[in-house]
Amino acid sequence: MPTILGQNQYGKAENRVVKITRDGATHHIKDLNVSVSLSGDMEEVHYSGSNANVLPTDTTKNTVYAFAKEHGIESAEQFGIHLARHFVTSQEPIKTARIRIEEYAWERIEAADANSRFIGADEVKHSFVRKGQETRLTQITYDGSSWEVISGLKDLVVMNSTNSEFWGYVKDKYTTLKEAYDRILATQVSGRWRFNWTDDDQRMPHWEKSYEQTRKHMLQAFAETYSLSLQQTLYQMGSRIIENRGEIDEVRFSLPNKHHFLVDLEPFGLKNDNEVYFAADRPYGLIEATILRDGCEARIPVDLTNL
């Protein structure tokens with residue numbers, strides 16, 4: 001045979017599942033987009049078309065919805081762990097399961113007390129508005145003996161309107177950028193962090209609390225760093241997470257620099273004292289780096305679009 005089969009996987013991508021938990025009149029929402037990818041003894045289906053070892057992707061889709069009922073959705077991470085364990089332990093040909101989940105957050109709408117009579121309740125506890133700040137992410141990988149959990153977020157837009165400078169950089173004949181001693185620093189955060197929980201004998205992290213605290217430390221570092229470069233801010237964000245969250249060994253960020261340029265108002269006889277800016281869409285600087293706990297090795301892919 002002149003060719004051989006390399007790495008392969010299959011599954012059902014982007015299964016949208018919304019789980020409503022009814023606690024009396026108070027409802028809670030978990031809104032997930034779940035992608036299942038399975039690999040193992042799948043050579044024959046590629047070579048001859050035999051489906052003897054293939055669990056249909058439609059079955060993986062059905063499992064996502066059934067597990068939402070049977071296990072509930074405590075967190076994206078815990079739900080992914082349930083799914084990965086099931087596929088590897090229930091199907092002998094499947095050696096590795098990778099579950100990727102995006103979570104879309106909702107917050108409760110506070111209704112006016114005077115309007116409660118229209119729905120026959122003292123409080124409105126079942127109405128929500130989608131949060132638009134970021135999308136929460138997790139990837140669960142299980143091979144039957146060890147776990148890898150990488151969580152994170154994307155599309156979180158942040159800005160410091162001052163306490164940022166950029167000067168002292170290399171200049172050549174093509175350099176036109178002026179040095180800045182007071183500038184806007186803004187970015188759209190895409191970040192991932194890897195947990196050091198790898199087997200069932202270890203104490204499992206509290207996934208919801210971990211996400212909330214990691215996000216908090218990341219944002220505090222962004223706000224509290226007097227920045228001489230976006231690289232410096234990125235490093236402080238990752239370091240703050242690792243220093244404060246013992247369950248995390250590695251953080252990787254991809255931070256586009258959302259440039260804000262002062263508008264020249266002199267043609268109109270106006271002075272622009274760091275007040276009016278043009279927010280540039282593209283091109284943009286792209287700053288990326290991994291921050292590690294000392295003694296640990298990097299495992300998060302360099303290209304976050306592949307995670």
Side-chain angles (χ1 to χ4, degrees), residues 5-21 28-106 130-131 134-155 190 192-195 197-198 200 204 207-208 211 299-301 303-307:
L5 178 68
Q7 193 280 337
N8 63 91
Q9 60 196 39
Y10 80 104
K12 186 73 82 175
E14 300 200 34
N15 302 282
R16 285 300 307 274
V17 54
V18 176
K19 176 66 167 61
I20 307 296
T21 300
H28 307 274
I29 293 179
K30 281 291 187 179
D31 184 354
L32 307 183
N33 188 17
V34 182
S35 294
V36 177
S37 183
L38 309 174
S39 58
D41 297 333
M42 300 296 162
E43 290 81 4
E44 200 54 42
V45 67
H46 291 85
Y47 290 144
S48 70
S50 171
N51 292 310
N53 286 350
V54 175
L55 182 72
T57 63
D58 190 68
T59 302
T60 67
K61 175 202 70 176
N62 294 340
T63 305
V64 170
Y65 294 113
F67 270 40
K69 170 62 178 178
E70 294 176 4
H71 298 281
I73 303 177
E74 176 184 326
S75 66
E77 288 85 354
Q78 188 65 65
F79 189 62
I81 288 168
H82 284 312
L83 287 168
R85 191 192 306 276
H86 166 77
F87 289 123
V88 171
T89 59
S90 67
Q91 302 294 327
E92 195 279 331
I94 296 174
K95 305 303 181 185
T96 302
R98 186 193 71 201
I99 313 297
R100 288 180 173 172
I101 299 176
E102 296 182 344
E103 178 175 349
Y104 312 113
W106 296 77
R130 249 293 283 280
K131 286 184 178 179
E134 80 263 12
T135 299
R136 179 175 169 179
L137 307 166
T138 191
Q139 175 177 288
I140 315 296
T141 306
Y142 183 54
D143 63 5
S145 60
S146 63
W147 297 90
E148 182 182 76
V149 181
I150 299 174
S151 294
L153 54 79
K154 65 179 181 178
D155 300 331
S190 179
R192 309 290 188 276
W193 43 89
R194 179 174 56 82
F195 294 89
W197 179 79
T198 58
D200 290 317
M204 189 179 295
W207 305 112
E208 296 292 274
Y211 180 82
R299 297 179 183 172
I300 298 176
D303 184 358
L304 294 186
T305 60
N306 292 324
L307 178 61

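What you see is a predicted model, and the numbers here were worked out from it, not measured in a lab.
Between T60 and V64 there is no side-chain heavy-atom pair separated by less than 4.5 Å. With a 4.5 Å cut-off on side-chain heavy atoms, W207 and V149 count as touching. E77 has its side chain within reach of R136: a pair of non-hydrogen atoms, C-beta onward, lies under 4.5 Å apart. Residues N53 and E92 fail the side-chain proximity criterion, which asks for heavy atoms closer than 4.5 Å. For the pair I140 and L83, the minimum side-chain heavy-atom distance is 4.5 Å or more. Put simply, the side chain of V18 does not reach to within 4.5 Å of the side chain of W106, judged on heavy atoms. Side-chain contact between F79 and T138: absent, with no pair of heavy atoms (C-beta onward) separated by less than 4.5 Å. Counting heavy atoms from C-beta outward, R16 and D31 have side chains that approach closer than 4.5 Å.
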Next item on the list: Apply side-chain contact (heavy atoms from CB on, under 4.5 Å) to the pair Q78 and H71, showing each step before the final yes or no.
Entry: CA-CA 10 Å; Q78 188 65 65; H71 298 281; over 6 Å; no

Next item on the list: Let me see the working for Y65 and V34 under side-chain contact (heavy atoms from CB on, under 4.5 Å), right down to the final yes or no.
Entry: CA-CA 10 Å; Y65 294 113; V34 182; over 6 Å; no

Item checked: From CA spacing to verdict: side-chain contact (heavy atoms from CB on, under 4.5 Å), Y142, I99 -> CA-CA 9 Å; Y142 183 54; I99 313 297; over 6 Å; no

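With rounding to the nearest 0.5 Å, the separation of CD1 in I101 from CD in Q139 is 10.5 Å. Once rounded to the nearest 0.5 Å, the distance linking CG of L153 with CD of E134 reads 5.5 Å. Atom-to-atom distance recorded for L5:CG and E44:CD is 10.5 Å, nearest 0.5 angstrom. Distance check, rounded to the nearest 0.5 Å: CD1 of I73 to CD1 of I29 gives 11.5 Å. Separation of atoms CD (E102) and CG (D155) is listed at 9.0 Å; rounding is to 0.5 Å. For the atom pair M42 CE and N8 CG, the distance stands at 8.0 Å (nearest 0.5 Å).
Annotation: E208, atom CD; neighbour count of heavy atoms from other residues, nucleotides and ligands within 6.0 Å is above 12.
A salt bridge is absent between K19 and E74: the closest approach of a Lys/Arg side-chain nitrogen to an acidic carboxylate oxygen does not fall below 4.0 angstrom.
When every heavy atom of V54 is checked against every heavy atom of V45, the shortest pair comes out as CG2-CG2, 3.7 Å. A pairwise comparison of heavy atoms in L32 and A76 identifies CD2-CB, 4.4 Å as the closest pair. Between S75 and K30 the shortest heavy-atom distance is CA-NZ, 4.4 Å. The two residues L38 and A97 come nearest to each other via the heavy atoms CD2-CB, 3.8 Å. The minimum heavy-atom distance between A84 and W147, with the atom names listed, is CB-CZ3, 3.8 Å. The minimum heavy-atom distance linking T63 with H86 is given by the pair CG2-CD2, 3.8 Å.
Not a single salt bridge (charged side-chain N to carboxylate O under 4.0 Å, His left out) links E148 to another residue, sequence neighbours left out.
In summary, the side chains of D143 and T141 do not present any donor paired with an acceptor at a separation below 3.5 Å, with no hydrogens or angles considered.
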